[in-house]
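Since the structure comes first, as structure tokens, the remarks are kept for the end.
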2 protein chains.
Amino acid sequence: MQLITKRKEIFIYGLSMALLLVLLKWLEAHFIIFNYRLDIFVGAIAILFTVLGIWLALKLVKPKVETLIIEKEVYIDQPANKEINQKEIERLGLSKRELDVLNVMARGLSNEEIAGKLFVSLNTVKTHSSSIYLKLDVKRRTQAIEKAKRLNIIA
Amino acid sequence: MQLITKRKEIFIYGLSMALLLVLLKWLEAHFIIFNYRLDIFVGAIAILFTVLGIWLALKLVKPKVETLIIEKEVYIDQPANKEINQKEIERLGLSKRELDVLNVMARGLSNEEIAGKLFVSLNTVKTHSSSIYLKLDVKRRTQAIEKAKRLNIIA
DNA sequence: GTCAAAATCACTCAAAAGTATGAAGGAAAA
DNA sequence: TTTTCCTTCATACTTTTGAGTGATTTTGAC
């Protein structure tokens, strides 16, 4: 939720508050309720503002987020001596998500399987794939995997 | 959050409400506030219950799901030597030509490029590819390359 | 608050990969 | 001499991948 939206919410709340106080004034001036049913009136106010508070809180609170599960097969002797080359990743300009895709791709999964594993659509995986090939300057996924392993940007 | 906990929250809220109404009654009985500052009193009630509502909502609302990245590491034994494992090749029943294809394939060449390099037709490469996948028990060329490297049947 | 990059997804078209089946010649083995 | 396996290739069909374009939303930095 954006800051602007939050402010709007607060504004609506303030407005409700103001309107209610005006209403209160009016009622007070006309001696309609207060003379004998004050407790009920205050109870109504309480309930109303409780609901308003709940609504406010639900609106203001940041919802979400989702879980990302990446299964990683690790072979005992191979990755021991090789560390991920962070500088190379930076140099190539690979984003986090692209690295995610690249890692799962290197396990031999299809785009559809990658999509399922990363909780995105097939189209998204394709988009990431394409930009990976572009950044790695390769033509195919097999080359991308080969080069990525060679440059130690994936395990 | 558990159901019991929620009930406790609701109970606390109800109790606060009741206490406040009692307080209200008492104030009403003693004519302390209402005669001339009713609006301020109601305003205070409103604010109080707004806060209560917010508190209630925050307590009751299901806790935010945090971004959870689980890297499930599967350790797999692997022969320490990095030489071509001839026995594995035999065990899998891979033929010479299939190994040829597999090796070129692992460099990231397309089937057409492989065909050109081995002086055979595209269809032949496809046939070899298919039987490679069958013998390696994989579904795609990326998996075949990955497995072949893991089993040291190619460099 | 603005701006740029990153991430998301859709849609289309083309190319590549993969499946299935059949077939023919050759070499090695039974 | 059959039989079997390897190699080669074809045709037909399906699936996957990749290129290109465009759009929206989120995020983060300034």
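Side-chain atoms are counted along with the backbone in the values below, which use heavy atoms only and exclude waters and symmetry mates. Here the structure is a predicted model, which is why all the values come from computation and not from measurement. To find a chain, count down the sequence lines: A is the first, B the second, and so on, and within it residues start at 1.
- By the neighbour-count criterion of 12 heavy atoms within 6.0 Å, atom CD of A/E88 is densely surrounded, having more than that number from other residues, nucleotides or ligands.
- Following rounding to the nearest Å, B/R140 (CZ) and D/dT17 (P) show an atom-to-atom distance of 6 Å.
- When the nucleotides C/dA17, D/dT16, D/dA19 are ranked by their closest atom to the side chain of B/N111, C/dA17 comes out on top.
- Following rounding to the nearest Å, A/D100 (CG) and C/dT8 (C1') show an atom-to-atom distance of 14 Å.
- Dashed line: the shortest gap from a side-chain N or O of B/R141 to OP1 or OP2 of C/dG18 is under 4.0 Å.
- One can place NZ of B/K126 at 15 Å from P of D/dT15, the figure rounded to the nearest angstrom.
- No option in A/H128, A/K126, A/K117, A/K96 other than A/H128 meets the side chain to side chain contact (heavy atoms under 4.5 Å, CB included) test with A/V101.
- Nucleotide C/dA17 holds its P atom 13 Å from the NZ atom of A/K139, rounded to whole Å.
- B/I145 and B/L118 fall within a single hydrophobic cluster, where Ile, Leu, Val, Met, Phe, Trp and Tyr side chains are chained together by heavy-atom contacts under 4.5 Å.
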Base-contact (B) and sugar-phosphate-only (S) positions in nucleotides 3-9 of chain D, heavy-atom cut-off under 4.0 Å, - elsewhere: ----SBB
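- Between its opening and closing five pairs, the helix from C/dG1-D/dC30 to C/dA30-D/dT1 changes axis direction by 60°, a value rounded to 10 degrees.
- At a cut-off of 3.5 Å, with distance as the only test, no side-chain donor of A/S130 or A/T127 sits close to an acceptor on the other residue.
- Atom P of nucleotide C/dA14 and atom CD of B/E112 are separated by 17 Å, given to the nearest angstrom.
- Atoms CD (A/Q143) and C1' (D/dG18) sit 13 Å apart, rounded to a whole Å.
- Remark: B/I114 CD1 to B/N103 CG distance equals 10.5 Å, nearest 0.5 Å.
- Along DNA chain C, the nucleotide nearest to B/L122 and the one nearest to A/L122 differ in position, and the one closer to the 5' end is contacted by A/L122.
- Under the 3.5 Å distance criterion, the side-chain polar atoms of A/Q143 are matched with a main-chain donor or acceptor of B/G108.
- Counting only residues at least two apart or on different chains, the side chain to side chain donor-acceptor pair (under 3.5 Å) pairs with a member in residues 132-142 of chain A are A/E98-A/K135, A/N111-A/R141, A/R140-B/E113.
- Placement of A/L102 and A/L122 in two distinct hydrophobic clusters is found when ILVMFWY residues are connected by side-chain heavy-atom separations under 4.5 Å, directly or transitively.
- Atom CE of A/M105 and atom P of C/dA17 are 14 Å apart (whole Å).
- Linking ILVMFWY residues whenever their side-chain heavy atoms come closer than 4.5 Å, directly or via other members, places A/L151 and A/I89 in the same cluster.
- When the P atom of D/dA19 is taken as reference, atom CG of A/D137 falls 12 Å away, rounded to whole Å.
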